[in-house]
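To start, the structure itself, in structure tokens.
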Amino acid sequence: MTTRHLYAVRHGDADALGTITGTGRRQARLLGERLAGVPVDAMWHSPLARAVASAAELARQLPGVPVTEAAELADHIPYVPGPADLPPAWAGFFDGFDDAEAASGRRLADALIERFAYAPGPGGPDTHEVLVTHAYQIAWLLRHAMDAPPSRWLGLNSANAALTVIEYRTGLPPAIVMFNDMSHLPPDLRWTGFPARVRL
């Protein structure tokens, strides 16, 4: 059985302008040290600065791994729920999104799935790919792997430099191996990207 292993990671901690912080660089370096034990074939990253910088930190720990920008990994709203499937707590979040923006976001989300969320052809080698992206894109990949309704991406948050692993196997549904794992980070570097009230 051939397996495509996706290691989806949220960029390191960034400031309000989207610039990676010293904390974010430390997080990415430690994540890179963890992934150094994996036979990584390729790393893909969002074009946004915080993901580019995070990928550069990871790459220092993964010498020889090709690093490539992928527009599908950019931060965006993947799906705007209609009134029937919008949880009341999220009602105001989508204020100001018009139909054109919603359609554009969904096209990019579909392109993300089409490019990365599939099993390799039978008989080929296993592949191991790192995606340096954003919380919403990881949520969309998870929603797809669970075959859940489009609105279920809501509420699936990822911490900065946390690791989510999804396996795509020929002839089988996707398998979520881990979600939002931060065991490579010391306690003081965990849970950034989450509101303070939910940090453990």
Side-chain angles (χ1 to χ4, degrees), residues 3-14 20-46 48 50-70 72-75 78 109 112-113 115-120 126-146 148 152-153 155-169 173-195 198-200:
T3 304
R4 185 179 201 180
H5 305 264
L6 280 192
Y7 304 84
V9 301
R10 185 178 178 185
H11 58 82
D13 180 63
I20 194 169
T21 64
T23 292
R25 290 189 187 282
R26 288 175 57 211
Q27 290 169 326
R29 179 179 52 78
L30 291 167
L31 176 58
E33 290 174 4
R34 179 178 181 177
L35 291 173
V38 174
V40 176
D41 299 297
M43 186 191 316
W44 308 87
H45 63 80
S46 157
L48 299 183
R50 55 195 183 274
V52 173
S54 297
E57 290 292 332
L58 286 171
R60 289 186 178 93
Q61 310 303 319
L62 303 170
V65 172
V67 180
T68 309
E69 182 178 300
E72 298 89 344
L73 296 173
D75 197 11
L112 170 65
I113 297 301
R115 183 166 184 184
F116 293 109
Y118 63 89
D126 285 2
T127 61
H128 299 262
E129 298 165 79
V130 176
L131 309 183
V132 183
T133 186
H134 307 273
Y136 296 165
Q137 285 54 61
I138 295 170
W140 190 250
L141 287 165
L142 284 167
R143 179 222 59 86
H144 176 266
M146 294 185 293
R152 275 305 287 125
W153 75 272
L156 293 172
N157 198 2
S158 293
N160 295 117
L163 181 61
T164 292
V165 181
I166 305 173
E167 293 180 350
Y168 299 91
R169 300 162 295 173
I176 298 168
V177 178
M178 67 180 65
F179 167 56
N180 204 37
D181 186 89
M182 293 173 267
S183 59
H184 50 282
L185 300 176
D188 63 311
L189 295 183
R190 296 178 186 172
W191 296 106
T192 63
F194 273 73
V198 296
R199 297 183 187 183
L200 304 176

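The structure presented is a predicted model; accordingly, all values stated were derived computationally and were not measured.
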**Worked check of side chain to side chain donor-acceptor pair (under 3.5 Å) between H134 and S46** = CA-CA 8 Å; H134 307 273; S46 157; 2.8 Å; yes
Can a donor-acceptor pair be found between the side chains of [X] and [Y] at a distance below 3.5 Å?
X    : Y    : value
T127 : D41  : no
T23  : D13  : no
W44  : E129 : yes

**Message:** Set out, in order, the CA-CA distance, both residues' side-chain angles and the distance that settles salt bridge (Lys or Arg N to Asp or Glu O under 4.0 Å) for R4 and E167, then state yes or no.
**Reply:** CA-CA 6 Å; R4 185 179 201 180; E167 293 180 350; over 6 Å; no
**Qualifying residues under salt bridge (charged side-chain N to carboxylate O under 4.0 Å, His left out), relative to D75, sequence neighbours excluded** =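 Applying salt bridge (charged side-chain N to carboxylate O under 4.0 Å, His left out) to D75 gives R50.
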How long is the span from the [atom1] atom in [X] to the [atom2] atom in [Y], to the nearest 0.5 Å?
X   : Y    : atom1 : atom2 : result
R26 : N160 : CZ    : CG    : 13.0 Å
H11 : I20  : NE2   : CD1   : 8.5 Å
L6  : I176 : CG    : CD1   : 12.0 Å
R60 : E33  : CZ    : CD    : 12.5 Å
L73 : T68  : CG    : OG1   : 10.5 Å

If every non-hydrogen atom of [X] is compared with every non-hydrogen atom of [Y], which pair is closest and at what distance?
X    : Y   : value
L62  : G32 : CD2-O, 4.1 Å
T21  : A14 : CG2-C, 3.8 Å
R115 : A70 : NH1-CB, 3.6 Å

**Prompt:** Could you go step by step and tell me if R29 and E57 meet the salt bridge (Lys or Arg N to Asp or Glu O under 4.0 Å) rule?
**Reply:** CA-CA 5 Å; R29 179 179 52 78; E57 290 292 332; 5.8 Å; no
**CA sep, side-chain torsions, deciding dist, call: Y7, I166, side-chain contact (heavy atoms from CB on, under 4.5 Å)** = CA-CA 7 Å; Y7 304 84; I166 305 173; over 6 Å; no
**Prompt:** Are the side chain of R143 and the backbone N or O of A148 linked by a donor-acceptor pair below 3.5 Å?
**Reply:**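 Present.
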**Asked** Are the side chain of T3 and the backbone of D126 linked by a donor-acceptor contact shorter than 3.5 Å?
**Response**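 Here the side-chain-to-backbone pair does not exist.
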Enumerate, atom names and distances included, each donor-acceptor pair closer than 3.5 Å involving a side-chain atom of residues 179-188, sequence neighbours excluded.
from, atom 1, to, atom 2, distance (Å)
N180, OD1, A159, N, 2.7
D181, OD2, R34, NH1, 2.5
D181, OD2, R34, NH2, 3.2
D181, OD2, S183, N, 3.1
D181, OD2, S183, OG, 2.7
S183, OG, R34, NH1, 3.2
H184, ND1, R34, NH1, 3.0
H184, NE2, A161, O, 2.7

Non-hydrogen side-chain atoms of [X] and [Y] separated by less than 4.5 Å:
X    : Y    : result
V9   : L31  : yes
W140 : W153 : yes
T133 : H45  : no
V132 : L58  : yes

**Request:** Using the test side chain to side chain donor-acceptor pair (under 3.5 Å), find all partners of T164 that sit at least two apart in sequence or belong to another chain.
**Result:**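 With neighbours one apart ignored, the set is empty.
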**Prompt:** Could you go step by step and tell me if T192 and Q27 meet the side-chain contact (heavy atoms from CB on, under 4.5 Å) rule?
**Reply:** CA-CA 10 Å; T192 63; Q27 290 169 326; 2.8 Å; yes
**Prompt:** What class does the angle between the rings of H128 and H5 fall in, given that below 30° is parallel, 30 to 60° is tilted and above 60° is perpendicular?
**Reply:**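 Judged by the thresholds at 30° and 60°, the geometry between H128 and H5 is parallel.
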